[in-house]
Amino acid sequence: MASIHWALLLFLVQLPILATSSAHCDGNLTLWCHPDQAAALLQLKQSFFFAATTATLLPSWQNGTNCCLWEGISCDAFSGLVTVLDLNGYGLNSYGLDPALFSLKSLRRLDLSMNSLGDYSYNITTAEFERLALLTHLNLSNSGLDGQMPIGISKLVNLVSLDLSSHTVPDYDDSTTAADSFNHLWEPNFEILVANLNNLRDLYLDGVHIMSSNGEDWGKALAKYVPHLRVLSLEGCGLNSPIHHSLSSLHSLVAINLGSNDVGPIPEFFGDFPNLSELQLSFMNLQGWFPQRFFQLKNLRVLDLSSNPNLSGHLPNFPHASSLHTLRLEGTNFSYAKPSSSGDFKLLRELTIDRKFPSMDFLSSFGVLGSLCRLKVDLRDSKNVLGPIFSWIGDLRNLASLDIYRCDFSWTTPSSIGNLKALRSLKMSDCNLPRPILSEIGNLINLQNLEISGIYDSKLHGSVTSSIGNLTNLRSLYMKNCDYCGAILATIGYLRNLRRLAIYNCDFTGALPSAVGNLTNLKSMVIADSQLSGPIPYAVGQLKELTQLTIIGGNISGRIPSSVLNLTKLVGLDLSYNHVRGHIPAPLFALPKLRYLNLRWNQLSGPIEEFDAPSSCLQLVSLSKNLLAGKFPKSFFQLAELVRLEINLNNFVDSVDLSSFGRLKKLTDLDLSHNKLSVMIDEGNNSLYTSLFGLD
């Protein structure tokens with residue numbers, strides 16, 4: 001009997017360990033989440049109407065299953081309560097933050113960044129963040145939110161990290177969603193925001209407009225209420241007065257980013273922070289001599305002084321260069337004195353310089369940059385030394401990314417580019433690229449990203465499409481200002497890994513080849529102001545991953561191919577300013593993800609047949625300046641999300657009762673003008689008409 005008691009006691013002692021091990025996701029979780037939290041998460045899922053990254057919205061989130069095993073969810077091992085909700089980068093779209101989110105009171109980490117979670121009508125100010133009192137980490141960066149920051153965030157006393165920023169994400173595949181994801185937030189009182197956030201360590205508010213922009217106000221507030229801050233990132237916040245000396249008390253600071261503000265000069269006391277490793281001060285109109293003491297910081301890893309044309313200094317003579325990871329100096333007035341010995345930049349991974357620096361004396365002073373992965377350089381006026389410079393670049397064996405600006409490649413041999421076979425990203429902007437150079441790019445078989453553009457007044461001459469079929473690893477292709485390009489050849493169909501195709505102001509001739517149908521991973525195709533002619537190939541319907549299809553300002557003719565109806569992930573379709581003719585396929589208005597439809601200034605004709613689209617996401621429909629006729633489609637009244645409708649400059653003949661548009665609660669722009677419509681107005685509904693335009 002005693003042995004049974006001992007066995008039972010041992011089992012009870014081991015029970016928490018068993019619960020912990022089973023709760024940490026070996027796939028056999030025994031502790032189920034709470035039903036009310038599962039219901040709240042399912043309600044949250046219902047608020048999303050589109051995901052850029054998957055065919056199905058959150059497929060693991062299914063009723064009757066354990067929500068602790070759902071993607072993006074983590075639960076506490078003992079209580080089964082949801083503690084983490086991480087949907088970063090899912091490309092989710094909604095019309096606001098569903099109230100169900102704020103019933104998850106056990107949350108400690110919430111990350112909804114890189115989504116599009118608001119529209120013009122959503123008032124973020126009313127979001128009840130104060131209900132999430134246990135939050136330690138909140139990340140809503142690049143979430144498409146607009147308005148005044150919710151006061152509830154200032155009451156989250158346990159916050160350790162707060163990120164509400166907007167920042168460029170160059171590797172984001174879906175350009176349409178990325179464009180929607182920037183936040184447009186403002187904070188009227190910085191002191192109120194941080195007064196209760198005494199535990200805060202990391203603060204990212206890039207792009208948030210801080211109305212109390214006086215340096216004394218926000219500086220004193222940080223020093224008083226957040227004394228242990230490690231990361232301060234306030235890039236582009238509209239700050240416009242000098243930094244207050246009270247910030248000198250923040251000795252824990254590791255990273256400072258004050259770029260794109262007017263808060264100069266940079267105080268010397270920044271050099272007193274013993275652990276400072278990142279100092280980003282670009283676009284700040286800094287003037288005078290940059291303090292040399294910053295180059296003495298032993299832990300400095302990132303130094304960005306770019307785009308301060310009146311800022312001077314000497315480089316690369318700093319003794320602790322061995323710690324440096326990133327050095328950005330383009331757009332400054334820095335000079336260099338050739339050192340007595342080569343610099344020790346053994347960890348340097350990113351270097352950006354401009355035309356003042358590219359000489360062999362300067363470049364050789366860095367020594368052997370074996371770790372350099374990214375180089376950005378402005379080579380204007382460097383005609384006579386291009387050969388040696390590219391020879392130096394060619395010796396950078398780990399170089400993965402090269403950005404070149406204002407380079408005249410007629411002064412160098414094609415092999416100067418063709419030898420850079422390790423490159424994964426190549427950007428050549430505002431360059432003169434003769435045909436041999438363009439052909440040589442086809443030898444860079446490891447490229448994943450290629451951007452080439454000519455100077456607007458001096459376009460590129462030649463086509464890359466003859467050799468581009470070799471670049472089978474390419475994921476993004478961007479071309480701008482290309483002249484005498486010839487036809488887009490069928491070899492483009494070999495680029496089966498391509499996600500993004502963007503062509504602007506390029507003089508391609510002939511039709512878009514049907515080989516584009518082989519680009520089955522393509523998510524975005526934008527061709528603007530080209531000379532392409534002929535019909536849109538039927539094969540475009542094979543691009544099942546496409547979210548954006550834009551072909552504008554060209555000579556495209558023929559009909560809208562019926563295969564477009566296969567593009568069930570399409571968010572935006574823009575064929576404006578072409579010569580497209582024939583009928584508009586009525587099912588086009590019912591594509592499940594379509595939000596923007598722009599067919600203006602074409603030769604589309606005939607009536608629009610009625611369609612069934614009760615769950616449409618359409619927000620903008622523009623059919624202006626066509627030859628459309630017949631009756632006004634009553635099916636338009638099903639488009640409950642419609643914000644803007646333009647059918648002006650057509651031949652519609654009908655009687656329209658404006659009170660019917662009252663069903664479209666979000667409609668703010670309506671243009672029916674220059675048709676043969678008889679408009680009936682109910683004078684008792686003035687509130688509707690005052691918000692609509694173009695009814696002349």
Side-chain angles (χ1 to χ4, degrees), residues 42-52 56-57 91-101 115-124 126 144-147 176-177 180 547 565 567-574 584-600 608-624 628 631-648 652 654 656-672 677 679-682 685-695:
L42 289 173
Q43 182 177 329
L44 180 64
K45 175 182 176 179
Q46 290 298 316
S47 72
F48 302 129
F49 60 84
F50 173 71
T56 307
L57 277 165
L92 299 168
N93 284 253
S94 69
Y95 297 122
L97 298 174
D98 193 278
L101 173 66
N115 293 290
S116 184
L117 304 179
D119 69 357
Y120 76 101
S121 64
Y122 177 62
N123 184 6
I124 181 66
T126 62
L145 298 173
D146 192 346
T176 59
T177 305
D180 290 341
T547 62
L565 303 177
L567 306 180
T568 55
K569 292 186 179 181
L570 205 61
V571 175
L573 176 61
D574 191 342
I584 301 175
L588 191 61
F589 297 97
L591 282 177
K593 308 292 186 183
L594 196 64
R595 295 167 65 188
Y596 309 105
L597 177 61
N598 190 352
L599 303 176
R600 70 173 71 184
I608 298 176
E609 297 180 2
E610 300 291 345
F611 52 87
D612 189 23
S615 58
S616 169
C617 297
L618 271 171
Q619 296 178 334
L620 180 148
V621 175
S622 182
L623 309 176
S624 305
L628 297 168
K631 293 188 175 183
F632 179 84
K634 301 301 186 288
S635 301
F636 280 171
F637 297 124
Q638 294 182 28
L639 307 179
E641 303 300 328
L642 205 58
V643 176
R644 185 173 182 176
L645 175 61
E646 300 172 343
I647 64 167
N648 55 303
F652 287 105
D654 200 1
V656 179
D657 186 350
L658 282 189
S659 64
S660 301
F661 288 97
R663 307 179 212 171
L664 305 179
K665 303 299 184 182
K666 297 184 178 182
L667 190 67
T668 60
D669 293 88
L670 174 64
D671 196 339
L672 309 177
L677 295 171
V679 179
M680 297 181 292
I681 299 177
D682 178 1
N685 199 359
N686 291 329
S687 61
L688 170 66
Y689 312 135
T690 54
S691 66
L692 301 179
F693 306 101
L695 296 177

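Distance check, rounded to the nearest 0.5 Å: OG of S94 to CG of L44 gives 8.0 Å. The line from CG of L573 to CG of L591 is 8.0 Å long, rounded to the nearest 0.5 Å. For the atom pair CG of L42 and OG of S47, the computed distance is 11.0 Å after rounding to the nearest 0.5 Å. Between atom CZ of residue R644 and atom CG of residue L620 there is a gap of 6.0 Å, rounded to the nearest 0.5 Å. Atoms OG and CD, on S615 and Q638 in that order, are 9.5 Å from each other to the nearest 0.5 Å. For the atom pair S616 OG and L594 CG, the distance stands at 7.0 Å (nearest 0.5 Å).
F637 has its ring centre less than 6.0 Å from the ring centre of F632.
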Side chain to side chain contact (heavy atoms under 4.5 Å, CB included) assessment of F636 paired with F589: CA-CA 9 Å; F636 280 171; F589 297 97; 3.8 Å; yes
Using side chain to side chain contact (heavy atoms under 4.5 Å, CB included), reason through L645 and F661 one step at a time and then give a plain yes or no. CA-CA 11 Å; L645 175 61; F661 288 97; 4.2 Å; yes
Evaluate side chain to side chain contact (heavy atoms under 4.5 Å, CB included) for Y596 paired with L618, printing each intermediate quantity in order. CA-CA 6 Å; Y596 309 105; L618 271 171; over 6 Å; no
Would I584 and L599 count as a side chain to side chain contact (heavy atoms under 4.5 Å, CB included) if you check the C-alpha gap in whole Å, the side-chain angles of each, and the deciding distance to 0.1 Å? CA-CA 9 Å; I584 301 175; L599 303 176; 3.9 Å; yes
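Two residues are said to be in side-chain contact when any heavy atoms from C-beta on lie closer than 4.5 Å; L672 and I647 meet this criterion. Residues D574 and L597 fail the side-chain proximity criterion, which asks for heavy atoms closer than 4.5 Å. Looking at heavy atoms from C-beta onward, L117 lies out of side-chain contact with Y122 at the 4.5 angstrom threshold. Counting only heavy atoms from C-beta outward, the side chains of I608 and L628 approach each other to under 4.5 Å. With a 4.5 Å cut-off on side-chain heavy atoms, I124 and D146 do not count as touching. Between F49 and L92 there is no side-chain heavy-atom pair separated by less than 4.5 Å. Using a 4.5 Å cut-off on side-chain heavy atoms (C-beta onward), L658 and V679 make contact.
N93 contributes a side-chain N or O that, together with a main-chain N or O of G91, makes up a donor-acceptor pair within less than 3.5 Å. Checked by atom type and distance alone, the side chain of D654 never pairs as donor or acceptor with a backbone atom of L677 at under 3.5 Å. D657 places a side-chain N or O within 3.5 Å of a backbone atom of S659 that can act as its donor or acceptor partner. A donor-acceptor pair is defined here as one N or O able to donate and one able to accept, closer than 3.5 Å; no such pair exists between the side chain of S622 and the backbone of N598. Remark: side-chain polar atoms of Q619 are not paired, donor with acceptor, to backbone N or O of L642 under 3.5 angstrom.
A salt bridge does not link K45 with D98: none of the charged nitrogens is closer than 4.0 Å to a carboxylate oxygen. Between E641 and K666 there is a salt bridge, since a side-chain N of the basic residue sits under 4.0 Å from a carboxylate O of the acidic one.
Heavy-atom minimum distance, T126 versus N123: OG1-O, 2.9 Å. Nearest heavy atom pair, residue A613 against residue L639, reads CB-CD2, 4.3 Å.
The 12-atom threshold is not exceeded at CD of E609, counting heavy atoms of other residues, nucleotides or ligands nearer than 6.0 Å. Within 6.0 Å of the NZ atom in K631, the count of heavy atoms belonging to other residues, nucleotides or ligands does not exceed 12.
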